[in-house]
Amino acid sequence: MLKLSKNKITYYLSYFKYVVLLLFACDLYFFDLHGLDWRWIIGLLAAAALFIYRPFCRFFCPLGAFYSLFNRIAVFGMQVDSRKCTACQRCVRSCLMDCKRVGDRECIVCGKCRQSCPTEAISLGCKY
């Protein structure tokens, strides 16, 4: 089945997980969200997975939102060798997440960008 490709809507929707992270953080101190019927949410996510690539990870995961805050200072991840890169953007087009560049905050280090690079400019390893 063909899934919805990334676009401006999915890019902006990917910020929603930060709202979910904030709700979870506030729930610890101020609110009681435990009364929610989680079966509806799980059912909607399962239905969304038929049409959208990794909907929970992209739009709702509070842990992913928290990790993405530290992606810039991560020791391990995807790297681009600027000497080999031709700026063809095949890496960004092949990415199923809402990445605007290799290794940005939405990157889950799946390696699709590395596989699509014609000059082998992308590698996985230690950044420092």
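All values below come from the heavy atoms of this structure, side chains included, with hydrogens, waters and symmetry mates left out.
- Looking only at distances, a side-chain donor or acceptor of Thr119 sits under 3.5 Å from a matching main-chain atom of Lys84.
- Residues Phe16 and Phe60 approach most closely at CE2-CE2, 3.3 Å, considering heavy atoms.
- More than 12 heavy-atom neighbours from other residues, nucleotides or ligands sit within 6.0 angstrom of CD on Gln89.
- A distance of 6.5 Å separates CG of Leu96 from SG of Cys110, quoted to the nearest 0.5 Å.
- To the nearest 0.5 Å, atom OH of residue Tyr67 and atom CG of residue Leu21 are 11.5 Å apart.
- The pair Lys17-Glu106 meets the salt-bridge criterion, with a side-chain N (NZ, NE, NH1 or NH2) lying under 4.0 Å from an Asp/Glu carboxylate O.
- Through chains of ILVMFWY side-chain contacts below 4.5 Å, Phe76 is grouped with Met78, Val80, Val102, Val109, Ile122, Leu124.
- Side-chain contact, Ser68 with Tyr18: a donor N or O sits under 3.5 Å from an acceptor N or O.
- The structure places CG of Asp98 at 12.0 Å from SG of Cys107, a figure rounded to the nearest 0.5 Å.
- Note: the hydrophobic cluster containing Leu44 does not contain Leu50 (ILVMFWY, side chain heavy atoms under 4.5 Å, direct or indirect links).
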Could you please spell out the steps behind the side-chain contact (heavy atoms from CB on, under 4.5 Å) verdict for Cys95 and Lys112?
-> CA-CA 6 Å; Cys95 180; Lys112 290 208 184 285; 5.9 Å; no
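- Taking Asp104 as the reference, nothing meets the salt bridge (charged side-chain N to carboxylate O under 4.0 Å, His left out) condition, with sequence neighbours excluded.
- Note that OG1 of Thr86 is 7.5 Å distant from CZ of Arg90, once rounded to the nearest 0.5 Å.
- Annotation for Pro62 and Phe56: closest pair CD-CZ, 4.4 Å, computed over non-hydrogen atoms.
- Cys113 and Cys91 get closest at one heavy-atom pair: CB-CB, 3.6 Å.
- Distance SG/Cys117 to CG/Asp81: 9.5 Å, rounded to 0.5 Å.
- Going from atom CE of Met97 over to atom OG1 of Thr10 covers 10.0 Å, rounded to the nearest 0.5 Å.
- Taking 4.5 Å as the limit, every side-chain heavy atom of Phe59 sits out of range of all side-chain heavy atoms of Val20.
- Annotation: cation-pi pair Arg105/Tyr15 present, NZ/CZ under 6.0 Å from the ring centroid and within 45° of its normal.
- Shown here for Val92 and Arg101, the closest heavy-atom pair between the two residues is CG2-CA, 3.9 Å.
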